[in-house]
Structure formats: structure tokens, C-alpha cells
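Structure first, commentary second.
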Amino acid sequence: MPTLFYTFVSTMIRYFFIFAVLSVMLSGCNKTDDEKAAALLADIDSLCSRGCYCETLDSIVALRSRFPAAVEARKKALVVWQTASLKMAQKDIAHTDSLLQATIADIAVTTDLYKANMLRVRRDSLKARYEAMCGVVRMIHMRQKQNSQADN
């Protein structure tokens, strides 16, 4: 009787060991969320380097929603997000500044009082937009500085 029990126990231990080894092997084959997000992160980097900043930001939002547990990929995407946002804001500042300069020049040569007043309203609106975008750039620079200090 004792030999039958020992045979049964040794067989169960052997099966348990085989099951444990197979479980470890199969779980090692699964990709982590960071590995799954790597392809999308490469696309994001490509979009940003080509100057497609809106698409870059949209892709980062998609990465965040599809891979919420991919911490390293999200950290890298944050850096790209800041870079793309900064480039978009700088582009917007340049465009707003050129519109502002053109509006100021138009005010100087306009003789119609109504048109001059409407141009002044436009000038004030463009100045407010310019100031707001400069504030965005300052905030992005501040965040980038904080992130670089945190990394060191």
C-alpha cells in the first residue's frame, strides 16, 4: 500500500513540475505592453520628424488609450508630445506674428475710420493670441526642464 501512495505522489509532483515549466515557458512568449507599443511609438517618432505634429499628437492619444500599462513607451511619448506641441506653438507664433505685422501696416495706411477700428480689433485679438502662444511655449520649456532634471 505505501508504494502505491508514493508512486502516486511522485507522479503528481512530476506532472506539477511539467505544468509549472510549461506555464513559465508560455508566459515568457507573451510580449509586454511596452513591446507591443514599440511599433506605434516608432510611427509617432516618424510622424514628428516629418513635421506632422497634429497626427503625432493624435497617435500619442491612441497609444495612451491602447496601451495604458506601457509605462516606458508612455514616458517616451511624453517627450515627443512636448516636442510636437512646442513645434506647433512656435509655428503658430510665427504665423500670428506675420498676421499681426500685416494688420499693423494696414492700420497705418487705412483712411476709413470703420475699417481702421476693425483692424485695431483684429490687432488686439492677434496680440492676445500671440501672448497666449508665447505662454504655451514658456510652459513647455519649463516642463521639459523639469523632466530633464528628474531624469538626472
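Note that this is a predicted model, so its numbers are computed, not measured.
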*Pick one: which of K127, M118, R123, R120 meets side chain to side chain contact (heavy atoms under 4.5 Å, CB included) with T103?*
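Exactly one option meets the side chain to side chain contact (heavy atoms under 4.5 Å, CB included) with T103, and it is R123.
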Under a single-linkage definition using a 4.5 Å side-chain heavy-atom cutoff for Ile, Leu, Val, Met, Phe, Trp and Tyr, are [X] and [Y] assigned to the same hydrophobic cluster?
{"X": "L126", "Y": "M133", "answer": "no"}
{"X": "L47", "Y": "M88", "answer": "no"}
{"X": "L63", "Y": "L57", "answer": "yes"}
{"X": "L86", "Y": "V136", "answer": "yes"}
{"X": "V79", "Y": "L41", "answer": "no"}

Calculate, to the nearest 0.5 Å, the distance between atoms [atom1] and [atom2] belonging to [X] and [Y] respectively.
{"X": "C134", "Y": "R129", "atom1": "SG", "atom2": "CZ", "answer": "11.5 Å"}
{"X": "L78", "Y": "S85", "atom1": "CG", "atom2": "OG", "answer": "9.5 Å"}
{"X": "C52", "Y": "K87", "atom1": "SG", "atom2": "NZ", "answer": "14.0 Å"}
{"X": "L99", "Y": "I104", "atom1": "CG", "atom2": "CD1", "answer": "11.0 Å"}

*For N147 and Q82, what are the C-alpha separation, side-chain angles and deciding distance, and is it a side-chain contact (heavy atoms from CB on, under 4.5 Å)?*
CA-CA 10 Å; N147 290 344; Q82 290 173 340; 2.9 Å; yes
*Looking at D106 and R122, does any basic side-chain N land under 4.0 Å from a carboxylate oxygen?*
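Salt bridge: no.
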Quick one: does [X]'s side chain get under 4.5 Å of [Y]'s, heavy atoms only?
{"X": "V61", "Y": "W81", "result": "yes"}
{"X": "R50", "Y": "T56", "result": "no"}
{"X": "I140", "Y": "Q144", "result": "yes"}
{"X": "S59", "Y": "D43", "result": "no"}
{"X": "F67", "Y": "K36", "result": "yes"}

*So, D92 and T96: side-chain donor and acceptor under 3.5 Å apart, yes or no?*
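There is such a pair (donor and acceptor under 3.5 Å, judged by atom type) between the side chains of D92 and T96.
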*What are the two closest heavy atoms between T110 and A116, and how far apart are they?*
CG2-N, 3.8 Å
*Would you name the heavy atoms of R64 and R74 that are closest together and state the gap between them?*
O-NH1, 3.2 Å
*If only atom types and distance count, is the side chain of S46 paired as donor or acceptor with the main-chain N or O of A42 below 3.5 Å?*
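No, S46 side chain to A42 backbone: no donor-acceptor pair under 3.5 Å.
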*Partner set under side-chain contact (heavy atoms from CB on, under 4.5 Å) for R66, not counting sequence neighbours*: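 Scan of R66 (side-chain contact (heavy atoms from CB on, under 4.5 Å), adjacent residues dropped) gives L40.
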